[in-house]
Participant: 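Please find one structure pasted underneath; my questions will follow.
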Protein chains: 2
Amino acid sequence: MWSQIAEDLRAKITDGTLPTDARLPSEAELTTQYGVARATVRQALTALVNEGLIVPKAPRGYFVRHRQPLFYRPQTEFRPQPKTPEMDRFMADHSAEGREPRQSIDVSIVAPPPEVRQRLKLKEGELAVVRRRVRYLDGEPYNTNDSYFPLSLVQDTEIMRPVDIARGANEVLAEQGQEQVRALDEIYVRMPTPDEVRRLDLGPGTPIACHICTGLTADGSPVRVVVNVLPGDRHVIVFEREGMDPASNDKA
Amino acid sequence: MWSQIAEDLRAKITDGTLPTDARLPSEAELTTQYGVARATVRQALTALVNEGLIVPKAPRGYFVRHRQPLFYRPQTEFRPQPKTPEMDRFMADHSAEGREPRQSIDVSIVAPPPEVRQRLKLKEGELAVVRRRVRYLDGEPYNTNDSYFPLSLVQDTEIMRPVDIARGANEVLAEQGQEQVRALDEIYVRMPTPDEVRRLDLGPGTPIACHICTGLTADGSPVRVVVNVLPGDRHVIVFEREGMDPASNDKA
DNA sequence: GAGTGGTCTAGACCACGTA
DNA sequence: ACGTGGTCTAGACCACTCG
């Protein structure tokens, strides 16, 4: 039974018999060891791969994956904070720590995907400007950050140029009379699309958090939608709260 | 090539040719249709299952999975809110909406798992009280909520009884001179353990968010750790913010 | 060249719902 | 009774990397 083999190996991983980065027995070894066909061993190993516990490295074997808190990076994203002007916060946060942050920016005019179109309250066919970015840390892709703006609001502004905006996009929006004063954050958890796998170089068994942030003006009309894709193996979302009720929906 | 088959089917799902709940062609049909062996078709289908796109239903076929926002449930968890006394917020929130909330409670004394032990700053071997709960909505498991307290703090209090605590656990802690005034929230995204799959009845390809909340007193010592496990297909984490900087670490 | 995983074939038997 | 997916076998060839 393949699930038995998987269970054995899983136990050895979680109890430390097979530590991080250790090499598992080869498929051939496991077939003789358990006296089953190779496909059966393979099914067990595939299960562990999809659980995110191990990773197959081409012609060298299966290896125990790095444990979760690899990048134990408290994201300041969800902690209300004073503005950090002059520089993108991602860059500022991480370059202060001996890491090497880098990002690619790419600006284009697109028909926004449905989930963005709805949040921006655009009609079918209306266009948006998207600033698509991939952030890297020490050369590894860390997350993506796609900011969508209604084309009508930002046409001919700095936002359409594929470089950092030193003042921040909010300033630019404010100049257009579209100051953003409120935001709605939604976080979805799901498996990545093949596109996301490519863009972020995700291993198998790596789920992602999709953080969609909708920025609103004082009168409640949306002026931007930011879609962040955060690979689960590289992110811990952290925030602090003051106040009495810590356990969230927990009272007892 | 199995990835070609997967791509074909994936396209049909995302473009709506195969809508939600539609039945895919059977493995046998696909083998003749593509002229390949069954195992090859199977590999393609398994990939889609692990992406969370389809679900195999025992002897009836593969079906397109419900789309993400099944329970489009704004969680109030992350929005600082006034206390709702008298009743567990989970129950209050959802019974107000024609849903049927239910929860099981089970209290025990345990050696806490490492991630809890560290956050409670307990020494190796020190014990904790855990109130383990599974929340159900309309009969389906919705999430789990395990609250850990240092045994020394809550011995012989209401917290050790396996029933709702009307006043809320915070009140009880406060009476012990351990009022919680601050909290640290961490959210991890990963694939579930087999345990979690059982407890929450998770389908394949369903990642989870693990929300760990550490409650602190005024002097910074931890008094409780709550581990919430939120299945990705049943949760959208939502919160609102006031203030200028909506796009999180996004400035440009 | 040897060993690895990646892919594929062509069978087989089973449990299980549905008709 | 039949068709479904779930499991398993016993092979095969490949591309790749390593020593």
Side-chain angles (χ1 to χ4, degrees), chain A residues 1-10 12-13 18 20-66 194 197-198 201-206, chain B residues 1-10 12-13 18 20-66 191-192 194 197-198 201-206:
Chain A
M1 187 76 130
W2 67 264
S3 62
Q4 185 57 53
I5 303 175
E7 206 171 311
D8 282 5
L9 294 172
R10 196 183 293 114
K12 285 184 186 164
I13 292 170
L18 287 167
T20 295
D21 279 329
R23 181 179 173 280
L24 272 64
S26 73
E27 294 180 356
E29 288 169 321
L30 291 171
T31 57
T32 65
Q33 184 174 329
Y34 286 94
V36 296
R38 188 180 163 210
T40 308
V41 164
R42 220 131 195 294
Q43 189 156 10
L45 291 167
T46 302
L48 298 182
V49 168
N50 288 323
E51 289 173 28
L53 287 180
I54 64 177
V55 144
K57 298 209 176 165
R60 309 204 294 111
Y62 291 85
F63 293 84
V64 178
R65 211 173 189 203
H66 293 302
V197 169
R198 273 190 294 275
D201 191 25
L202 299 176
T206 307
Chain B
M1 189 74 131
W2 66 264
S3 62
Q4 184 56 54
I5 303 176
E7 205 170 313
D8 281 6
L9 294 172
R10 196 184 292 112
K12 284 185 187 164
I13 292 170
L18 287 168
T20 296
D21 279 330
R23 180 181 174 277
L24 272 66
S26 72
E27 294 180 356
E29 288 169 324
L30 290 171
T31 57
T32 65
Q33 183 175 330
Y34 286 94
V36 295
R38 189 181 162 207
T40 308
V41 164
R42 223 136 190 294
Q43 189 157 9
L45 291 167
T46 302
L48 298 182
V49 168
N50 287 325
E51 289 172 29
L53 286 181
I54 63 177
V55 146
K57 300 210 175 165
R60 310 205 291 111
Y62 292 84
F63 293 84
V64 178
R65 211 175 189 202
H66 293 302
M191 295 311 283
V197 170
R198 273 189 295 275
D201 191 25
L202 299 176
T206 307

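Side chains included, hydrogens not; waters and symmetry mates left out as well; all remaining heavy atoms used. Chain letters run A, B, ... following the sequence lines, proteins first and then strands; every chain starts at 1.
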Participant: Main chain of B:Met1, side chain of B:Gln4: is a donor-acceptor contact present, judged purely on distance under 3.5 Å?
Facilitator: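 No.
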
Participant: Measure from the side-chain heavy atoms of B:Met1 and tell me the nearest of C:dT7, D:dT9, C:dT4.
Facilitator: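 Nearest to the side-chain atoms of B:Met1, counting from C-beta on, is C:dT7.
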
Participant: If we only count heavy atoms from C-beta on, is the A:Leu30 to A:Val36 side-chain gap below 4.5 Å?
Facilitator: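 Counting from C-beta outward, A:Leu30 and A:Val36 never come under 4.5 Å.
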
Participant: Using a distance-only test with no angle check, is there a side-chain donor-acceptor pair under 3.5 angstrom linking B:Arg10 and B:Ser3?
Facilitator: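 Looking only at side-chain atoms, B:Ser3 and B:Arg10 do not form any donor-acceptor pair under 3.5 Å.
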
Participant: Under the rule for salt bridge (Lys or Arg N to Asp or Glu O under 4.0 Å), what residues qualify as partners of B:Arg60, not counting sequence neighbours?
Facilitator: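 Result, salt bridge (Lys or Arg N to Asp or Glu O under 4.0 Å) vs B:Arg60: none returned.
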
Participant: Does any part of the side chain of B:Arg65, heavy atoms only, come nearer than 4.5 Å to the side chain of B:Thr20, both counted from C-beta?
Facilitator: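 With C-beta onward as the side chain, the pair stays apart.
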
Participant: What parts of residues 39-49 of chain B reach DNA chain C, counting only heavy atoms under 4.0 Å away?
Facilitator: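 Within residues 39-49 of chain B, the residues near DNA chain C are B:Ala39, B:Thr40, B:Gln43.
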
Participant: Can you find a pair of side-chain heavy atoms, one from B:Gln43 and one from A:Thr46, that are under 4.5 Å apart?
Facilitator: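 Not in contact.
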
Participant: At their closest point, which heavy atom of B:Tyr34 faces which heavy atom of B:Asp8, and how far apart are they?
Facilitator: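 Result for this residue pair: OH-OD2, 2.9 Å.
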
Participant: Any side-chain heavy-atom pair from A:Val49 and A:Val55 closer than 4.5 angstrom?
Facilitator: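 No, every pair of side-chain atoms sits at 4.5 Å or beyond.
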
Participant: What nitrogen or oxygen pairs link the protein and nucleotides 12-19 of chain D at under 3.5 Å?
Facilitator:
| unit_1 | atom_1 | unit_2 | atom_2 | d |
| --- | --- | --- | --- | --- |
| D:dA12 | N6 | A:Arg38 | NH1 | 3.0 |

Participant: Between C:dT4, C:dT9, D:dA10, which nucleotide has the shortest distance from any of its atoms to the side chain of A:Ala37?
Facilitator: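 Given the options C:dT4, C:dT9, D:dA10, the side chain of A:Ala37 is closest to D:dA10.
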
